[in-house]
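Just so we're clear, the structure is a prediction, and the values are computed from it rather than from any experiment. Values below: every heavy atom of this structure, side chains too, minus hydrogens, waters and symmetry copies.
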Amino acid sequence: MTTLACAPDVSLTTDTANTIDEPKRTAPLRVVFAGTPEFAAISLEALIKQQQALNISIVAVYSQPDRKAGRGQKLAASAVKQVALAHNIAVEQPETFKKSSIEGMEARQTLRTYQPDLMIVAAYGLILPIGVLNTPIYGCLNIHASLLPRWRGAAPIHRALLAGDSETGITIMQMDKGLDTGDMLYKVSAPIESDDTAASLHDKMAALGATAIINVLQDLPNYQAQAIAQDDSQANYAEKLVKTEGEIDWTQPATAIERQIRGLTPWPGAYTFLAGQRVKILASLPVNASQPTDKSAGTVISVGRKAILVACGKQADTKQDGKAENTEQSASTLAITHLQFAGGKPMTAEQVCHGNQLNDGDLFTLDSK
């Protein structure tokens, strides 16, 4: 599917295209951008603004086909498509690039008509076969939200939070046929703060990704010449999130549950059950190791105006060298500051304290179904 905000410029001849190998290039680099969500849209917007300074021309944008969204389930354009159309850039939305299908072959041919020098990919969501990766003269670059090879795959931001990583970052990678396995051109790190959620970290990485790709395009041949291979032994797979990952197991240590809440905000969200009714846990305070308890996991210890204290699993103490001690510990506690009861609005701990929906001694549980 093609959405033409303006006709694609295919006037570049083969002879002109071959001048890319000359020491000094005067014609703008013909760039195709591929991405779908807001993370990618931030980079696209930045590249559009910097086209003249970078000596590039974004000749087409690829994005996932429009999907149904909202209560009305109406077709909605992706964030990337909206940016492209706002700047009169042609948009392509193929379902596939597979050689085994007529649509896939047509999509490949359409890409070739744009005569791309380079393809920039960010959270596109569609597999690019080797035939597509080899179409642009300079290949395809990926803006990946992880310090590769730490987290390869669909959900690197969430997995970094869930794992308790102290930092993350952006890697600009030369794409190959593997899943985020290509050589690294550029890496930039950023700390993960104690109050970061998946939402806040996403926004930081989106902005950092835009800066990183602009930096690389300022001296692309040099970065490609100095690309570094990944150490596969250090790689982890950042699996796509599923809704059931949000269910809280209160026998886990408080630190793990606190990371779960932050790592799954806003989607799929952390939740528990109270008397069979789902309760969303929206936010909590950093774990206070000086507040142990002898209560059973999931027990509401106190409903206070500042926080709701809940018993969790045992927390292993750590030595100065970072290794866990095997000493017996009291159960840890988690201080919840915001939650939402089924059918209700988000509430602060103080609002809960003034109501009667939660009391000291109540028990949060797993789904009994």
> Considering only heavy atoms from C-beta outward, does the side chain of L264 approach that of L162 to under 4.5 Å?
Replying inline: yes
Show me, pair by pair, the donor-acceptor contacts under 3.5 angstrom made by side chains of residues 202-209, not counting sequence neighbours?
unit_1: K204; atom_1: NZ; unit_2: D196; atom_2: OD1; d: 2.9
unit_1: K204; atom_1: NZ; unit_2: D196; atom_2: OD2; d: 3.0

> Tell me, do L141 and V121 make a side-chain contact under 4.5 Å, heavy atoms counted?
Replying inline: no
> Do R159 and E245 pass the salt bridge (Lys or Arg N to Asp or Glu O under 4.0 Å) test, and can you show the C-alpha distance, the side-chain angles, and the key distance before you say yes or no?
Replying inline: CA-CA 12 Å; R159 298 302 171 191; E245 288 186 77; 2.7 Å; yes
>> Membership question, hydrophobic clusters at under 4.5 Å side-chain separation (ILVMFWY): are V188 and L217 in the same one?
In response: yes
>> Looking at every non-hydrogen atom in both residues, tell me the closest pair between T181 and R152 and how far apart they are.
In response: CG2-NH1, 3.5 Å
> Any side-chain heavy-atom pair from W151 and T168 closer than 4.5 angstrom?
Replying inline: no
> If you look at every heavy atom in Y237 and L179, which pair is closest and at what distance?
Replying inline: CE1-CD2, 3.4 Å
>> According to a hydrophobic-cluster definition based on side-chain heavy atoms being under 4.5 Å apart (Ile, Leu, Val, Met, Phe, Trp, Tyr only), do I143 and Y223 belong together?
In response: yes
>> For the OG1 atom of T333 and the CD atom of Q315, what is their distance to the nearest 0.5 Å?
In response: 9.5 Å
> With a 3.5 Å cut-off and no angle check, do the side chains of S63 and S78 form a donor-acceptor pair?
Replying inline: yes
>> Which residue in the set F273, F364, Y271 passes ring-ring contact (aromatic ring centres under 6.0 Å, His included) when paired with W250?
In response: F364
>> Do I213 and I170 have side chains that approach each other closer than 4.5 Å (heavy atoms only, starting at C-beta)?
In response: no
> Nearest heavy-atom pair of A210 and I42: which atoms, and what distance?
Replying inline: CB-O, 4.0 Å
> So which heavy atom on S189 is nearest to which on L147, and how close?
Replying inline: CB-CD1, 3.8 Å
> Of all heavy-atom pairs between A84 and V91, which one has the smallest distance, and what is that distance?
Replying inline: CB-CG2, 3.5 Å
> Looking at N55 and A27, what are the two nearest heavy atoms and their distance?
Replying inline: ND2-O, 3.6 Å
> Does any non-hydrogen side-chain atom of T293 lie less than 4.5 Å from one of L309?
Replying inline: no
>> Can you confirm whether I130 is buried at CD1, in the sense that more than 12 heavy atoms of other residues, nucleotides or ligands lie under 6.0 Å from that atom?
In response: yes
> Can you tell me how far CE of M119 sits from CZ of F33, rounded to the nearest 0.5 angstrom?
Replying inline: 10.0 Å
> Would you say the side-chain atoms of Q252 pair up with the backbone N or O of G313, donor to acceptor, closer than 3.5 Å?
Replying inline: no
>> So, taking the atom named CD1 in I281 and the one named CD in E247, what distance separates them when rounded to the nearest 0.5 Å?
In response: 12.0 Å
> Would you call the rings of Y62 and Y114 parallel, tilted or perpendicular if under 30° counts as parallel and over 60° as perpendicular?
Replying inline: perpendicular
> Name the one of R108, K98, E95 that satisfies side-chain contact (heavy atoms from CB on, under 4.5 Å) with E103?
Replying inline: E95
